[in-house]
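Heads up: the structure comes next, in structure tokens.
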Amino acid sequence: MAFNTEIFQKLKDNGSYDFDFLYFEEIDSTNDFAKKAQYDKCGKVKVIISSYQSRGKGRLGRRFISKKDKGIYFSVITSNLDEDHISLLTVAAAVCVCETLERETGDKFDIKWVNDILYENKKICGILTENAIDTSTGTFERSIVGIGVNLYGTIDSELKNIASTVEEMTGKTVSCEKTVFDIVCGLTNYFSCTDTRKYLEKYRQRCTTLGKRITVNNVNEKYSAKAIEIDEQGRLVVETNGRISALNSGEVSVLPQETQEKEK
Ligand code: BTN
């Protein structure tokens, strides 16, 4: 379904959050645009939205397939966040996406640490958070939260076993304008909240990685571990042969159910 800027503008006019937005029918990547754009440093929150990305980016240098009008792809830009808020941006974004989709569909969504939103184990949404640093002062200049949600139709590529759309999984056709609007409002709330811990709690409740046997695929090593908890910085705490460590990023895959049962 095509994004309608008039509908979005009306939602914004009737809402209580002030932000600027730019819509592109097509773009290479909303995150790349957000990184390059010249913006004042302490202005309003800005949102770059598109219905198609020719070079959508995922984590770890992967592509994020962004089919035209099948999903919605957007980046939320903010400046002047303190380190506490910056460290939990992906956590907060994941919670905002789940809450929005849950309100719209009445169904439950899960989180796979750190940035995937799942519905019954199929990926519905990915989040890529990037921070731009002001090289003259070494301080954070802006934070960019990129969110891609598969909304409509089916996934017909080789990814169809691991990814799906909100429509296919829940049978509900949600509004792309309202989805972006609600997620942006949720994030705007987070930017000014004084209690970031409540986002961590909501994240933990939905995180299906916890308690599972996982494989950690880092650039130089691959090992199996047990996911124990999400710490106060949103890191995944794992146990490997009695050693506890906290993962900041990297790729984690949850072992299949049969293996979970054997290794309990
Ligand atoms: C992932 O699954 O690894 C993260 C995917 C993030 C995709 C979004 S779509 C909007 C924004 N622009 C991009 O190029 N990527 C993010």
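Indexing begins at 1, ligand by ligand and atom by atom, following the structure's order.
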Does N189 form a side chain to side chain donor-acceptor pair (under 3.5 Å) with Y17? I'd like the steps, not just the answer. CA-CA 9 Å; N189 244 330; Y17 293 98; 3.0 Å; yes
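- For atom 2 (O) of ligand 1, the nearest non-hydrogen atom of the protein is K123 NZ, 2.5 Å.
- With hydrogens left out, the protein atom closest to atom 12 (N) of ligand 1 is Q53 OE1, 2.9 Å, a heavy atom.
- A heavy-atom separation below 4.0 Å is found between G56 and ligand 1.
- Evaluation of the salt bridge (charged side-chain N to carboxylate O under 4.0 Å, His left out) rule for K198 yields no partner, not counting sequence neighbours.
- Residue contacts with ligand 1 for D32 are absent, since no atom lies close enough (heavy atoms, distance under 4.0 Å).
- For K122, there are no salt bridge (charged side-chain N to carboxylate O under 4.0 Å, His left out) partners at least two apart in sequence or on another chain.
- The closest protein non-hydrogen atom to atom 5 (C) of ligand 1 is F64 CD1, 3.4 Å.
- The protein heavy atom nearest to atom 10 (C) of ligand 1 is T30 OG1, 3.2 Å.
- K57 and E130 are joined by a salt bridge, as a carboxylate oxygen and a charged side-chain nitrogen come within less than 4.0 angstrom of each other.
- By the 6.0 Å and 45° rule, K12 stacks over the aromatic ring of F19.
- Atom numbering of ligand 1 starts at 1 in the shown order; those under 4.0 Å from a heavy atom of G58 are 1 (C), 3 (O), 4 (C), 5 (C).
- Across K57, R59, E130, R55, heavy-atom proximity to atom 16 (C) of ligand 1 is greatest for K57.
- Under 4.0 Å is where a charged nitrogen must lie from a carboxylate oxygen, and between E229 and R204 no such pair does.
- At a 4.0 Å heavy-atom cut-off, ligand 1 does not touch L60 at all.
- Salt bridge annotation for K108-D110: present, with a cationic side-chain nitrogen under 4.0 angstrom from a carboxylate oxygen.
- Atoms of ligand 1 found under 4.0 Å from any heavy atom of F74, numbered from 1 in the order shown, are 10 (C).
- Inspection of the T30 and S50 side chains reveals no N or O donor paired with an N or O acceptor under 3.5 Å.
- Residue-to-ligand polar distances place S29 within reach of ligand 1: an N/O pair is separated by less than 3.5 Å.
- For ligand 1, the atoms sitting less than 4.0 Å from at least one non-hydrogen atom of L128 are 6 (C), numbered in the order shown with element in parentheses.
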